Q: 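The structure that follows is given in the form of structure tokens.
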Number of protein chains: 2
Amino acid sequence: MPRTVDREEQRRHIGTALLRLVSERGLDEVSVRTVAAAAGRSPGAVQKYFRTKEEMLAFAAELAGERVERRMAGVDTSLPPRRALRALILTTLPVDAERRAEATAQLAFAVHATHHPRLAATRRQVDEDVRQALAAWLEVAGYGAHATAVADAVIALSDGLALRMLYAPQEHEHLLTVLDHALDVLLPDPPVMG
Amino acid sequence: MPRTVDREEQRRHIGTALLRLVSERGLDEVSVRTVAAAAGRSPGAVQKYFRTKEEMLAFAAELAGERVERRMAGVDTSLPPRRALRALILTTLPVDAERRAEATAQLAFAVHATHHPRLAATRRQVDEDVRQALAAWLEVAGYGAHATAVADAVIALSDGLALRMLYAPQEHEHLLTVLDHALDVLLPDPPVMG
DNA sequence: TCCTTTGGGATACAGTCGTATTCTAAAGCG
DNA sequence: CGCTTTAGAATACGACTGTATCCCAAAGGA
């Protein structure tokens with residue numbers, strides 16, 4: 001068994017290049033050849049790790065989902081509820097170059113998923129994870145009454161804000177105040193215990 | 001000047017076919033040839049009305065924007081505020097086949113606009129119109145204090161809900177209850193006058 | 001009626017797409 | 001060392017892309 005290589009690492013390398021390409025040039029600029037170029041590989045090499053383009057996209061979509069979950073898991077949820085929730089949401093908004101790239105990829109995949117059941121399934125899985133985590137956290141923070149409704153509203157709100165921030169970066173700051181106002185009414189401060 | 005034809009009507013006919021194609025098969029299935037087929041024309045005929053594909057997409061994007069504004073203008077805003085706002089939002093959500101088609105096209109164009117400045121400009125224009133109309137209406141309905149913030153929150157919320165409904169139609173009904181809960185907190189009932 | 005302009009279809013062309021196949025070189029194992 | 005398996009590049013192929021060009025039929029103005 002000669003010249004063996006960490007296949008999973010290679011797949012991640014290519015998947016990462018694909019996500020970078022999506023965020024910089026959009027999903028329709030993604031082809032086997034452009035991804036190979038972005039990853040510093042030959043198109044033939046990419047084919048060794050992904051038999052079809054669809055398989056490559058599915059892998060990248062999962063990779064993007066993992067990133068979201070990992071980033072949210074990194075937020076200090078012991079902060080005051082309102083601040084913690086704001087921090088959680090900010091990890092999904094295009095507030096800096098890195099998050100802008102990820103938000104772009106997320107939304108591109110979300111829209112793509114509308115017509116591609118396989119991608120839709122992985123999207124829903126990520127959504128479900130985020131939703132459960134958010135709802136559970138709202139519960140312990142004292143917002144048990146409408147935890148899941150608030151969680152879903154928060155997800156929808158941040159998706160909508162992210163979308164708008166992407167094609168209207170001028171409104172960036174204004175949209176952050178919109179977020180704050182929405183959080184004011186969604187999370188009455190202080191929380192009602194019980 | 002022989003054989004003259006209503007050019008604008010023809011452009012609309014082709015643009016309508018394009019939007020239908022986007023909603024049914026996604027934006028990456030849009031090509032000059034597929035649009036021509038969907039419109040019952042030859043590719044050459046389409047070229048007579050749109051010199052480039054980009055021009056065709058820009059026209060379709062404006063057409064889609066017009067539809068949103070027309071549909072919202074058709075809502076009876078003399079209803080009780082809460083009911084009227086709900087009706088306004090429902091015109092943008094994929095609650096039936098027709099609105100599903102439009103929401104799909106809207107979101108596809110929105111994401112596409114991220115990397116295409118010309119489309120982003122027309123998106124922003126539509127957003128601005130909707131935003132102003134919504135804010136003005138909230139003002140007379142007695143929610144003057146945070147009218148624009150509420151308007152923007154509502155827009156973001158419905159965009160996020162629409163996106164999710166498209167790739168997760170199973171959650172459709174649940175998401176409508178999420179909308180209602182969000183409206184409950186965004187529009188305290190009854191409104192505070194002044 | 002003829003001439004000119006137009007709508008609309010057909011065709012051509014160069015480029016890119018996804019994917020299958022074929023090649024070379026390298027590396028572990030006997 | 002030599003054999004075998006693999007990584008990875010190169011090539012090939014048919015389909016599709018956007019767009020330019022050409023051709024024909026139809027219709028209004030002279």
Side-chain angles (χ1 to χ4, degrees), chain A residues 1-22 24-61 108-109 111-113 115-119, chain B residues 1-22 24-61 108-109 111-113 115-119:
Chain A
M1 199 199 302
R3 191 121 97 103
T4 184
V5 132
D6 186 339
R7 291 189 68 82
E8 193 56 23
E9 182 189 320
Q10 293 296 317
R11 286 167 69 93
R12 283 181 175 271
H13 174 77
I14 295 169
T16 301
L18 191 155
L19 292 181
R20 183 171 57 243
L21 191 58
V22 169
E24 288 174 1
R25 299 208 264 143
L27 194 51
D28 14 67
E29 294 292 331
V30 168
S31 75
V32 176
R33 288 165 176 84
T34 57
V35 169
R41 300 281 187 273
S42 75
V46 169
Q47 282 185 289
K48 293 279 170 167
Y49 294 100
F50 301 102
R51 297 221 322 281
T52 67
K53 181 185 179 182
E54 186 188 343
E55 184 183 321
M56 180 172 69
L57 282 174
F59 179 85
F109 278 116
V111 166
H112 198 66
H115 301 282
H116 295 80
R118 181 170 171 187
L119 288 186
Chain B
M1 198 201 300
R3 193 123 96 102
T4 183
V5 132
D6 186 340
R7 291 190 70 80
E8 193 56 22
E9 183 190 320
Q10 292 297 314
R11 284 166 71 93
R12 282 181 177 272
H13 174 77
I14 296 169
T16 301
L18 191 156
L19 292 182
R20 183 170 58 244
L21 190 58
V22 169
E24 288 174 1
R25 301 207 264 143
L27 195 51
D28 15 64
E29 295 291 331
V30 168
S31 75
V32 176
R33 286 166 178 82
T34 57
V35 170
R41 301 280 188 275
S42 74
V46 169
Q47 281 184 290
K48 294 279 170 166
Y49 295 99
F50 301 102
R51 297 220 323 281
T52 67
K53 180 186 180 181
E54 186 188 342
E55 185 183 321
M56 181 172 69
L57 283 175
F59 179 85
F109 278 116
V111 167
H112 197 66
H115 301 281
H116 295 80
R118 180 169 172 186
L119 287 187

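The chains referred to below are lettered A, B, ... by the order of the sequence lines, with proteins before strands, and numbering in each begins at 1. Since we're looking at a predicted model, the values are computed, not measured.
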Q: Considering non-hydrogen atoms only, spot the tightest contact between A:V22 and B:H115 and give its length.
A: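 For A:V22 and B:H115, the tightest heavy-atom pair comes out as O-NE2, 3.4 Å.
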Q: For D:dA7, does either OP1 or OP2 sit under 4.0 Å from a side-chain N or O belonging to A:R7?
A: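 Checking D:dA7 against A:R7, a side-chain N or O does come within under 4.0 Å of OP1 or OP2.
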Q: What's the closest nucleotide to the A:S42 side chain, out of D:dT19, C:dG8, D:dA9?
A: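 Out of D:dT19, C:dG8, D:dA9, the nucleotide with an atom closest to A:S42's side chain is D:dA9.
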Q: Measure from CD1 on B:I14 to C1' on C:dG7 and round the result to the nearest Å.
A: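 My rounded result for the distance is 11 Å.
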Q: Could you tell me the separation between the NZ atom of A:K48 and the P atom of D:dT11, rounded to a whole number of Å?
A: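 It works out to 16 Å between those atoms.
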Q: Expressed in angstrom and rounded to an integer, what is the separation of A:E54 atom CD from C:dG18 atom P?
A: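 After rounding, the gap between these two atoms is 12 Å.
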Q: Can you tell me how far P of D:dA7 sits from CD of A:Q10, to the nearest Å?
A: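 Roughly 9 Å, once rounded to whole Å.
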Q: Would you say B:R51 has more than 12 foreign heavy atoms packed within less than 6.0 Å of its CZ?
A: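 Atom CZ in B:R51 is not crowded, with 12 or fewer foreign heavy atoms closer than 6.0 Å.
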Q: Is the distance from OP1 or OP2 of C:dC17 to the nearest side-chain N or O of A:S31 less than 4.0 Å?
A: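 For C:dC17, OP1/OP2 do have a side-chain N/O of A:S31 under 4.0 Å.
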Q: Side chain of B:R41 only, heavy atoms from C-beta on: which candidate in C:dG7, C:dG9, D:dG8 is closest?
A: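 Looking only at side-chain atoms, B:R41 lies closest to C:dG9.
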Q: Quick one: which of A:R11, A:M56, A:K53, A:R33 gives a side-chain contact (heavy atoms from CB on, under 4.5 Å) with A:V46?
A: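 Among A:R11, A:M56, A:K53, A:R33, the one that satisfies the side-chain contact (heavy atoms from CB on, under 4.5 Å) with A:V46 is A:M56.
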Q: Assign each of B:Q47 and A:A45 to its nearest nucleotide of DNA chain D by heavy atoms, then name whichever residue's nucleotide is nearer the 5' end.
A: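 Closest to the 5' end, via its nearest nucleotide, is A:A45.
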Q: For A:R33 and C:dG18, what is the distance between atoms CZ and C1' respectively, to the nearest whole Å?
A: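 Taking CZ of A:R33 and C1' of C:dG18, I get 7 Å after rounding.
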Q: Would you indicate whether the side-chain heavy atoms of B:K48 and B:Q10 approach each other to under 4.5 Å?
A: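 No, too far: nothing below the 4.5 Å cut-off.
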Q: Can you tell me how far C1' of D:dG18 sits from CD of B:E29, to the nearest Å?
A: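 Result: 16 Å.
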Q: Out of D:dA20, D:dA9, C:dG18, which has the shortest distance to the side chain of A:V32?
A: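 So the nucleotide nearest the side chain must be C:dG18.
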Q: Let me know the distance between CG of A:D28 and P of C:dC17, rounded to the nearest Å.
A: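 Those two atoms, CG and P, are 11 Å apart.
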Q: Would you find a donor on one side and an acceptor on the other, under 3.5 Å apart, between the side chain of A:R41 and the backbone of A:I14?
A: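 Side chain of A:R41 to backbone of A:I14, a donor-acceptor pair under 3.5 Å: no, none is there.
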Q: In whole Å, I'd like the distance from the CZ atom of A:F50 to the P atom of C:dA20.
A: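 Rounded to whole Å, this separation is 16 Å.
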